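A quick write-up on the structure given underneath.
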Amino acid sequence: MPDTSVILIAGINFILTTTSIVYLLRHPRDPQAMISWSLVFIFLPVLGPILFFMIGEEKLRRLRLRRRFRHRQPDNPSSFSPHLSIPDDIPDFLYGFIQMATRLCLRRATNGNQVVVYHSGKESFQALIDAVSQARGHVHLEYYIFHADETGRQLGNLLVEKVKQGVECRLLVDFIGCWGRKRWDFLATLRAGGVDVGFFLPVVPWKGRVRMNFRNHRKIAIIDGSIGFTGSQNIGNEYVGLSKDFSIWHDTHLKIMGPAVADLQEIFANDWWYATRRLLRNDCYYPPLLTCGDQVVHILPSGPDINTNILHHLLFAVISAAQRNVHIATPYFVPDSTMLLALEAAAYRGVEVTILVPAELDMPLTLWAGRSYYRDLLLSGVDIYEYQAGMMHSKVVIVDDTWGMVGSANMDIRSFRLNFETSVFLYNQDLAKQLEDNFQTMLQDAKQVELRDTFHSFGISLRQGFARLISPML
C-alpha cells in the first residue's frame, strides 16, 4: 500500500497543477511562456505551481490616479501635443511616432525643456547631491536599489539634514530591490530622522502578499517640483565607480528642467499613493514650469498595470521605421520573438543595427540567455559588441541620429511586461548626438562578437538553450 503522505502530496500536486494549467489557459500569454510554465509544472511538483502564483502573473490590477494636471497643458507657450505645431528640428517621420506615444500613454511630449546628459555616475550623483542641498520645499526620490553604503549614507544623511531645515523628504524604494536587514535598518534610521520612507509591493506572506514580480525598477528624483533626475542609476557605491568588482561602471542619467518635470512628479505621486495610500494633493508639488530651453522631451511610464505593453509597442515601431541606424546599449538583453524579428528585419533592410552588452553580468542565466540569440542576429547582419572595460549599465537606444531613449528599462521581457519602468524619449538631434558619441566611445572598449564565437561546446550550448527556455521567467 502506498504511504498516506505520498498519496496526500500527489493529490495536492494534482490539484495545484490542474488549477495552474486552467488559469494559464484562461489567461493566455506568449506561447513560449506558456510552454515554459507547463514544463515547470511537470518537473517541479508542488513547487512549480507555487512559483507560478508567486511570479507567473503578467498583469497587475492597480488603480492609478487621474489627476487634473495629467491633461492640463503646462503654462508654457512652447509645449505641444500632436495637435499643435512641431518644432522645426524634429524630422517628419517622428510625427506619427509622437502621436502613437501620446495615444498609448495619455501623456504629451513637451517642448521648452533643458536636459543635461550624464555618463559618469560620479557627476550625476554629485548633481543630485547639489540639487537636494538647494531644496527649499520638498525632495521626492524613487529607486529600485538604495544601498546602505557610503554613497547611500551620504544622500540619506543629507535628507535627514534637509528635514531639520523644514524640507519634506520622501523616499520610495522597491521591497525586493532593497531586500536585506542592513538596508532595512538603514531605512529605519532615515525614518527616525524624519524622512518619509515607503516600500513598493512588499512581500508579506501572512498578509496574502506573495508576488515576487511587478518590481518598481524606476529611478526618479524630483526637487521642489522644478528639477528632475531619471535614467539607469541607482544609489550605491557601484554606481559611482566604487565597486570592488567593477571599478568602471557606465550609467546614462538625465537632469531635466522644464515642463517635463511635472510628468516625473505625477509618476512619483501615483506610485507613492499606491505604496502608502497617501495622496500628494498640495499644488506646491506642481509649480508653474516655464520654458528652460528648447529640447523636446516625452516622459513615458510603463508597467504591468497598463493593458498595452507601451514600451514594447514603441520600440518595435521606431526600430521598424529606422532608415539608417539603430544603436542599442543594454545590460540585460533577452528579447522576445517580436523584438528579435524587428531587429533582424531592420538589418535585412540595410539598416545598421548595433547592440552593445556587457561581457560579464551579476546574473549568469540572463547572460547565457542573451548569448543564445547571437547567432540568429549575426546571420541577419546585426553587429554585437560585448563591453570589456567594466560594467555597462546604461539603457539607451539611438535611431537615425535624431531620436534617443534613456531610461530604466532593459531590452528584455521583464522590462517589457513585468517591471514598472520610466523611459525618456528625446526628440532632439543635439541630445541624440551626445548619446551617439558616448555609444561610440564605449564601442572602443568592446569586443565584436563574430559568427565563429557562437559555435560552442556541448555543455555551453546546453546551458544557453536552457537559459533561453526559461527566459520568460528571468
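Owing to the predicted nature of the structure, the values given are computational and were not obtained by experimental measurement.
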Practice prompt. Look up atom OG in Ser120 and atom CD1 in Ile248, then write down how far apart they are to the nearest 0.5 Å.
Written response: 11.0 Å
Discussion item. Can you classify the ring geometry of Tyr332 versus His393 as parallel (below 30°), tilted (30 to 60°) or perpendicular (above 60°)?
Written reply: perpendicular
Worksheet item: Among side-chain atoms of Asn237 and Ser243, is any donor-acceptor pair under 3.5 angstrom?
Response: no
Discussion item. Is the shortest side-chain heavy-atom distance between Val406 and Val117 below 4.5 Å?
Written reply: no
Item to complete: Please round to the nearest 0.5 Å and tell me the distance separating atom CD of Glu360 and atom CD of Glu386.
Response: 10.0 Å
Worksheet item: Considering only heavy atoms from C-beta outward, does the side chain of Val296 approach that of Asn111 to under 4.5 Å?
Response: yes
Practice prompt. Ignoring hydrogens and angles, state whether a donor on the side chain of Asn438 or Thr441 is under 3.5 Å from an acceptor on the partner side chain.
Written response: no
Response to the item:
Closest non-hydrogen contact found for Ile145 with Asn234 is N-OD1, 3.1 Å
Item to complete: Pick out which of Leu311, Leu426, Leu300 makes a side chain to side chain contact (heavy atoms under 4.5 Å, CB included) with Met405.
Response: Leu311
Worksheet entry | Ring geometry between Tyr387 and His250 (parallel below 30°, tilted from 30 to 60°, perpendicular above 60°) | perpendicular
Item to complete: Show your working on side-chain contact (heavy atoms from CB on, under 4.5 Å) between Gln440 and Leu443 and close with a plain yes or no.
Response: CA-CA 5 Å; Gln440 295 298 329; Leu443 283 185; 3.7 Å; yes
Discussion item. I want to check something: taking the side chain as every heavy atom from C-beta on, are Leu171 and Phe146 in contact at a cut-off of under 4.5 Å?
Written reply: yes
Worksheet, complete the sentence: Checking Asn410, Thr330, Asp251 against Lys395 for side-chain hydrogen bond (donor to acceptor under 3.5 Å, both in side chains), the one that qualifies is Asn410
Discussion item. Nearest 0.5 angstrom please: Tyr385 OH to Gln448 CD, how far?
Written reply: 3.5 Å
Worksheet entry | Side chain to side chain, Arg468 and Trp368, heavy atoms closer than 4.5 Å | no
Discussion item. Side chains of Ser408 and Glu421 only: does a donor on one sit below 3.5 Å from an acceptor on the other?
Written reply: yes
Discussion item. Ignoring hydrogens and geometry beyond distance, is a side-chain donor-acceptor pair present between Gln126 and Asp130 at under 3.5 Å?
Written reply: yes
Item to complete: List the steps and the verdict of side-chain contact (heavy atoms from CB on, under 4.5 Å) for Asp263 and Arg108.
Response: CA-CA 9 Å; Asp263 288 319; Arg108 291 171 292 189; over 6 Å; no
Practice prompt. Check each of Val139, Val163, Leu141 against Val195 using the side chain to side chain contact (heavy atoms under 4.5 Å, CB included) test, and report the only one that passes.
Written response: Val163
Worksheet item: Should Leu377 and Phe333 count as side-chain neighbours, where that means a heavy-atom distance under 4.5 Å?
Response: yes
Fill in: Residue pair Gly225 / Leu289: nearest heavy atoms and the distance that separates them
O-CD2, 3.4 Å
Discussion item. If you count every heavy atom of other residues, nucleotides or ligands that lies below 6.0 Å from Arg278 atom CZ, does the total exceed 12?
Written reply: yes
Practice prompt. Answer yes or no: is there a side-chain heavy-atom contact under 4.5 Å between Met391 and Pro331?
Written response: yes
Item to complete: Would you please test Met411 and Ile355 for side-chain contact (heavy atoms from CB on, under 4.5 Å) and show each step?
Response: CA-CA 10 Å; Met411 188 68 67; Ile355 299 171; over 6 Å; no
Worksheet item: Mind checking whether Phe439 and His327 have parallel, tilted or perpendicular rings, split at 30° and 60°?
Response: parallel
Practice prompt. Please tell me if the side chains of Ile384 and Leu378 come closer than 4.5 Å, counting only heavy atoms from C-beta onward.
Written response: yes
Discussion item. Contact between Trp403 and Tyr427 at the side-chain level, heavy atoms closer than 4.5 Å - yes or no?
Written reply: yes
Worksheet, complete the sentence: So CG of Asn419 and CD1 of Ile413: to nearest 0.5 Å the spacing works out to 12.0 Å
Worksheet item: With under 30° as parallel and over 60° as perpendicular, where do the rings of His147 and Tyr239 fit, or are they tilted in between?
Response: parallel
Item to complete: Find the distance between CG (Leu242) and CZ (Phe125) and round it off to the nearest 0.5 Å.
Response: 9.5 Å
Worksheet item: In terms of ring plane angle, is the pair His140 and Phe268 parallel, tilted or perpendicular, where the classes change at 30° and 60°?
Response: parallel
Worksheet item: Between Tyr144 and His217, does the ring centroid distance fall short of 6.0 Å?
Response: yes
Worksheet entry | Gap between atom CG of Leu431 and atom CZ of Phe425 - 0.5 Å precision | 14.5 Å
Discussion item. One pair to check against side-chain contact (heavy atoms from CB on, under 4.5 Å): Ile299 and Thr422. What are the steps and the verdict?
Written reply: CA-CA 7 Å; Ile299 307 289; Thr422 301; 4.2 Å; yes
Worksheet item: When you check the side-chain N and O atoms of His138 and Tyr285, is any donor under 3.5 Å from an acceptor?
Response: no
